[in-house]
Peer 1: 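Just passing along the structure, written as structure tokens.
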There are 2 protein chains.
Amino acid sequence: MNTRQLKHFIALLDNPSLSAAAEEVHLSQPAFSRSIRALEEQLNVPLFTRSDRRLRPTPYALAWEATARRIVMNENEGKRHLQMMQSGKSGRVALGMGSSLMDELICPLLDKLLRDLPEVQINFSVDTSAPLLNLLRTRQIDFFVGDASIARYQQDLVVESLFTCGFAWYASSQHPLAKTTDIDIAMIKAWPMVIAAGYFDPAVVEHMESLYDLHSGLYQHFRVMSNDFQLVRHLLDSSDAILAATDISMIRAVETGKVVKLHVSPPLALTLTLGILRLADCELPPVCERVMDSIRQCFKHTEIRRAQLPNQ
Amino acid sequence: MNTRQLKHFIALLDNPSLSAAAEEVHLSQPAFSRSIRALEEQLNVPLFTRSDRRLRPTPYALAWEATARRIVMNENEGKRHLQMMQSGKSGRVALGMGSSLMDELICPLLDKLLRDLPEVQINFSVDTSAPLLNLLRTRQIDFFVGDASIARYQQDLVVESLFTCGFAWYASSQHPLAKTTDIDIAMIKAWPMVIAAGYFDPAVVEHMESLYDLHSGLYQHFRVMSNDFQLVRHLLDSSDAILAATDISMIRAVETGKVVKLHVSPPLALTLTLGILRLADCELPPVCERVMDSIRQCFKHTEIRRAQLPNQ
DNA sequence: CACGATTACGGATATCGTAACAATA
DNA sequence: TATTGTTACGATATCCGTAATCGTG
């Protein structure tokens, strides 16, 4: 069964004569006539009466009409959907990133996607790098945004570095140390230190330990750790906690004046490069490229806003 | 777009390997491979990744799968419907007959059709011959059951004669004349005469007028005429009316003892042949043949029951 | 004869099966 | 080497357009 035949059949129902229908589908009259006959033979029913020189549909034709129109409509609709997928305007994308990117990436990205790609289905996993890596390897997500250095130890990944962020100590603007200009590590340690413990590059951990003499395991020195950034962020508002975090995670809080960056010496002279991590052997559909484009735009916008921060 | 390709595509999704799918659709492996490639080229999207020697569906394939299955299902369903129509088990039939056939034909026919042809849609017009003839000519009904002699004056009709019925005078079993064995026309005229006035063959009218000296127009001598037989039938139960009617219309009423046939002399020695009337140039679908078969069976059954009537 | 539909026929395209080939465990 | 999928190639089938034919007003 050929959908071309079905289109001919439908054209014949919609036109007063065979020749008019043939012209509509850009076919010669004999070819069109043969096409209809072939359909009749394939279906094994007479679709048109040819008693007089006028073709008139039989009850079979009227019954088959619904089927033919449905099939042709399905085909067109399906092709349209594929084109949408091809142009990235439709499809499904599964991605992930850490909760520390909530303000600067997750929220603006979702706003943008909901506005720009209304027919795209989004599956958003907010988690730390280790679970996201697992989701990536089991093909449950297409890519995730995380520490680009992960790719150094995972040969099956490819990374596109997008944003280099610094580290710093943060506290509430109401904190006793907020106005202090010369803070050393002993003063920091007098307050509850908190951290959002996702993946950390071993080199980062080592550097941090030596910088502040935090031996016998870095994490043991923190009072609160969580995989959820919103939780440790909350502690800054409700307590005297001091948070070690990336600058990108605190840009909005600093902008609104609720949180300040502490002037600690020696400063937390570390960098973390964020990037898009994906499997090397896996080709992603266009919709993923579209979403990654949006992520790049978000990072550029964040870059500008970080540069405008007064306390940088 | 060919549904054969779509079946190949579906088979490939349903089977672990290309060769298994090729076997399922009874095709050689190379031909099957080419069929899939052709579909990919027609749709202009990669449906399967061929990185390793294993074919794995792309997101495009998963999106197209729904379309392909819908199209194939529609085709199968549509073909099945045509086959049902061809065997007469499905379709639409529009027919008509007079209300005097209610007991002996309309009711048992409908019972039979509802039981035997559950997928057939029935459009039943109950009317006299003249309107039915009009419906027939405007193709609003496929055929009707009526006086076969109509075809003598209507050359565009063909008739299949099925049942020859007699005429007689009827009255309620409670009627004063019910027990009278020798009734003449003067005694009949003393009571209100009623008749269901559908089409009557001019020869019948003429004969009836001469038989009972009912000149200056036959119908003027009747107190009640109606195109609805149930109405005049009702008068027999509720009044002293006397009804001139065909025997077939009264079989059930006589069987149940509510109505009796009057012994009038001279008797109403007329016959009316009922038959199936249809247009000569119009070929009817199989479902009509099925329904006409049922009508023939009903008439046969009525023939037997009429023969068993005591007062015949 | 005019008009609409159907064959007649040569050429182009598609599709098939067998066979040969490439790639991977 | 066995398995799986892809080309190579010749044969067949299908489909198209031009031209001729048929059947009615």
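Below, chain A is the first sequence line, B the second, and so on; all start at residue 1. Bear in mind the structure is a predicted one, so any value in this text is a computation, not a measurement.
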Peer 1: Between C1' on dT14(D) and CG on L39(A), what's the gap in Å once rounded to a whole number?
Peer 2: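 Checked: the CG to C1' distance equals 15 Å.
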Peer 1: Tell me the interatomic distance from N2(B), atom CG, to dA13(D), atom C1', rounded to whole angstroms.
Peer 2: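 After rounding, the reported distance stands at 13 Å.
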Peer 1: Provide, to the nearest angstrom, the distance between the CD atom belonging to E23(A) and the P atom belonging to dG4(C).
Peer 2: 11 Å
Peer 1: Take the protein atom CZ of R4(A) and the nucleotide atom P of dT14(D), then report the distance between them rounded to whole Å.
Peer 2: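 Roughly 13 Å, once rounded to whole Å.
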Peer 1: Rounded to the nearest Å, what distance is computed from the CD atom of residue Q5(A) to the C1' atom of nucleotide dC15(D)?
Peer 2: 10 Å
Peer 1: Between P on dT15(C) and CD on E41(B), what's the gap in Å once rounded to a whole number?
Peer 2: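 It is 11 Å, rounded to the nearest whole Å.
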Peer 1: Rounded to whole angstrom units, what separation is found between the CZ atom of R56(B) and the C1' atom of dT4(D)?
Peer 2: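 After rounding, the reported distance stands at 15 Å.
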Peer 1: Please enumerate all protein N or O atoms sitting under 3.5 Å from an N or O of nucleotides 23-25 of chain C, with distances to 0.1 Å.
Peer 2:
{"residue": "dT24(C)", "atom": "O2", "partner": "R53(B)", "partner atom": "NH1", "Å": "2.9"}

Peer 1: Hey, are R152(B) and D147(B) close enough for a salt bridge, meaning a charged N less than 4.0 Å from a carboxylate O?
Peer 2: no
Peer 1: What residues in residues 27-36 of chain B put a non-hydrogen atom under 4.0 Å from any atom of DNA chain C?
Peer 2: L27(B), S28(B), P30(B), A31(B), R34(B)
Peer 1: Please confirm whether the shortest side-chain N or O distance from S19(A) to OP1 or OP2 of dA5(C) is below 4.0 Å.
Peer 2: yes
Peer 1: Does the side chain of R37(B) get closer than 4.0 angstrom to OP1 or OP2 of dT6(D) through an N or O atom?
Peer 2: yes
